[in-house]
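Numbering of residues begins at 1 and proceeds along the displayed sequence. Predicted model, so just to flag it, every value in this text is computed and none were measured.
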Amino acid sequence: MKEKNIRNFAIISHIDHGKSTLSDRLMEIMGTVNQRESAPQLLDSLAVEQEHGVTVKARTVQNIYEDSNGEKYQLNLIDTPGHVDFNYEVSKSLAATDGVLLLVDATQGVQAQTVANWRLAHDLGLPMLPVINKVDSPNAKIAVVKQELLDLDASLSQRPFYEVSAKTGQGVAALIEGIVKYLPAPEGDENAPLKALVYDSEFDPYLGVIVQVRIFDGKLNKNSKLELMASNRIFKTKEIGVYQPARLPVKELVVGEVGYLITGIKETDDVNVGDTITTATAGIQQALPGFEKQQPLVYAGFFPQDDYQLLKEALQKIALNDSSLAISEENSTAMGPGFRIGFLGIFHLKIIQERLEEEYGLKVIVTSPNVPYEVRLKDSQEARIITNPAHFPSFEKIENIAEPMMTAVIDSPAENLDRVMQLAEQYRGTFQDMDNEGNRVRVNYRLPLAEIAHDFYNQLKSISHGYASLQTKPDGYEVSDLVKVEIHINYAKVDALSFITHRSKAAVLTKKLVHELKMTIPRRLYPMPVQAVVEGKVLARINVPPLRKNAAVNGEQRSISKKQALLRRQNVNKRSAAHSDIALPQAVFNTLLALKD
């Protein structure tokens, strides 16, 4: 296909504004899929994607369009993930495009993720076509939504507004013509050394890592000897091709085209989203900008309810298609053998948990998520990164604890500014600067990752009624007055329930926590104390009531023998505390998570 007849584009929108449905209609109208092959959310192949209405893994599909003059165009739709946890993947998918469709629901208007994705596209300098979806709905507010888009970006007035119904196909044919007319063709030098961007990858147990690439310069041929510049990994191509939407092998990929490349590489750590591919000999010297090695932001323990080996095999299979997971084995005295897993965020964690349940039929116990901390010891002054609170050294050995910080950019309507700033300060945020853009305000804060990892984004959406967006970037570590909270049940320390918090919050959190645990910890025939301990001191305590009323503790004096028997049992409990066999259900760990929300 000639370079001038190629269009690489993506659809960006808020969750549930119809991105996947519009993708389906585009493929149907251009004949990429026939009626028999068509299915709702065709590009969302994971069950969790269809259930949540959120794209988790980016997909690409090549469409061939013939205009009224008989000229053929190659329209490459590059799908993008749809949640703030996958912000880096979105930016790399957008970097592979030359323009975007800015899709907004006519009944909902501009919302948080609309603004966040618009910001990414705007910063990359990508031209945009405004598209208003669901115009056939009786609740559609087309004029209002148009004005909201113009308030967001005044330059959109230079493009026509496309009014479509992705569900019925109304207006989609005109939109395809607009893509050809208004979005630019790619630019590049066919005779230059190969320069290709890796914007997504997947793993096949037989073929190895399969990468999705965009060719910026040069050509990509089968059986070429190539190099991944970030990892310095050299390999020989096994197959190249395009998605329609199934894999279709081709002889070559030229400047401007997108497709897949079968590397044969079995080690997923060697292939990273954002890496640059060039020829192993006489290749380019400078990689494409913007590459970052993805680092997990939150960690949680995963423990099997049934078979440890089945959980291990399932996690290995999932990790092959998700290189951002960091998995290591863990052994808890309370929970037994399991795994410590690092995630990009809480939503990413929930996606993996649901995939384990739905795809592999595994029920797991998930501990409360935590962030990595940098702990410096008094005797050696060495700094250690600790991802599991149970592995923290004794408090008297610690010189200081540093927590990871994030630079947060919050884009909000001006009328919500006070509430946004109050929320950021509530989460121990430090104000940096502020910019005004029309009726929107962009505020920069420096926030502890531990404070915003759980529910900050949901709180932000709530106070702004869905109109504020959040973009975060790691910003090093900062020493803070943090303490480890240990939970003792029946005088036995339960390492899986340990967590780290700021000292100023410890008293309030522990008091609330023990009262919540009273309702979720399985009861025994006798009362069990639940204690929250910080630096050897009990900050809060409560008793889990027994299964039935016990005459020994009813306040009457008639049952001396039973009261003596109870005291004997309690003494035995204390002596055998280190071997406590209390089985903790998921509800106990959900209590910890709800406490941090």
For the pair Asp275 (side chain) and Ala230 (backbone), establish whether a donor and an acceptor sit closer than 3.5 Å, ignoring hydrogens and angles.
yes
Could you tell me whether the side chain of Pro529 reaches within less than 4.5 Å of the side chain of Tyr491, counting heavy atoms only?
yes
Is the closest side-chain heavy-atom distance between Met406 and Leu297 below 4.5 Å?
yes
Test side chain to side chain contact (heavy atoms under 4.5 Å, CB included) on Tyr477 and Met405 and set out the steps.
CA-CA 6 Å; Tyr477 284 80; Met405 304 296 291; over 6 Å; no
When you measure from the side chain of Lys378 to the backbone of Glu396, do you find a donor-acceptor pair of N or O atoms at a distance under 3.5 Å?
yes
Applying the side-chain hydrogen bond (donor to acceptor under 3.5 Å, both in side chains) test to Glu451, which of His502, Gln426, Lys505 qualifies?
Lys505
Between Ser462 (side chain) and Asn458 (backbone), is there a donor-acceptor pair under 3.5 Å?
no
List the atom of Ala540, the atom of Val514, and the distance in Å for their closest heavy-atom pair.
CB-CG2, 3.9 Å
Under 4.5 Å between any side-chain heavy atoms of Leu423 and Phe456, yes or no?
yes
Report all side-chain donor-acceptor pairs from residues 414-421 shorter than 3.5 Å, counting only partners two or more places apart or in another chain.
| unit_1 | atom_1 | unit_2 | atom_2 | d |
| --- | --- | --- | --- | --- |
| Asn416 | OD1 | Arg419 | NH2 | 2.5 |
| Arg419 | NH1 | Ile463 | O | 3.4 |

Sub-3.5 Å donor-acceptor pair from the side chain of Asn331 to the main-chain atoms of Gly338, do we have one?
no
Mind checking what makes ring pair (Phe, Tyr, Trp, His ring centres under 6.0 Å) contact with His515, not counting sequence neighbours?
none
Any donor-acceptor pair under 3.5 Å from Asn543 side chain to Pro545 backbone:
no
I'd like to know if the side chain of Ser480 reaches the main chain of Leu482, judged simply by a donor and an acceptor atom lying under 3.5 Å from each other, with no hydrogens or angles considered.
no
Check the pair Thr107, Asn139 against side chain to side chain donor-acceptor pair (under 3.5 Å), reporting the backbone distance first and the verdict last.
CA-CA 6 Å; Thr107 65; Asn139 298 321; over 6 Å; no
So, does Thr97 use its side chain to make a donor-acceptor pair with the main chain of Ser93 at under 3.5 Å?
no
Donor on one side chain, acceptor on other, His17 and Gln111, under 3.5 Å:
yes
Between Lys141 and Glu148, does at least one N-O distance fall below 4.0 Å, as a salt bridge requires?
no
Check the pair Tyr445, Val409 against side chain to side chain contact (heavy atoms under 4.5 Å, CB included), reporting the backbone distance first and the verdict last.
CA-CA 7 Å; Tyr445 270 89; Val409 179; over 6 Å; no
Does a sphere of radius 6.0 Å around NZ in Lys473 hold more than 12 heavy atoms from other residues, nucleotides or ligands, not counting ones at 6.0 Å or beyond?
no
Determine yes or no for a side-chain-to-main-chain donor-acceptor pair under 3.5 angstrom, with Arg384 supplying the side chain and Leu377 the backbone.
no
With side chains defined as the heavy atoms from C-beta onward, is the minimum distance between Leu325 and His348 less than 4.5 Å?
yes
Charged N to carboxylate O below 4.0 Å: is that the case for Asp475 and Arg446?
yes
Heavy-atom side-chain proximity of Thr367 to Phe303 below 4.5 angstrom
yes
Pair Tyr457-Tyr427, ring-ring contact (aromatic ring centres under 6.0 Å, His included): steps then yes or no
CA-CA 11 Å; Tyr457 184 54; Tyr427 282 77; over 10 Å; no
Provide the closest heavy-atom pair for Gly301 versus Glu330 in the form atom of the first, atom of the second, distance.
CA-OE1, 3.9 Å
Any salt bridge between Glu535 and Lys484, counting N to O under 4.0 Å?
no
Verdict with supporting geometry, Trp118 and Leu152, side chain to side chain contact (heavy atoms under 4.5 Å, CB included)
CA-CA 9 Å; Trp118 169 83; Leu152 176 66; 3.8 Å; yes
Quick check: does any side chain N or O of Thr510 sit under 3.5 Å from a backbone N or O of Ala507, one acting as donor and the other as acceptor?
yes
Does the ring center of Phe302 lie less than 6.0 Å from the ring center of Phe339?
no
Does NZ in Lys518 sit with more than 12 non-hydrogen atoms of other residues, nucleotides or ligands closer than 6.0 Å?
no
For the pair Arg340 (side chain) and Thr387 (backbone), establish whether a donor and an acceptor sit closer than 3.5 Å, ignoring hydrogens and angles.
yes
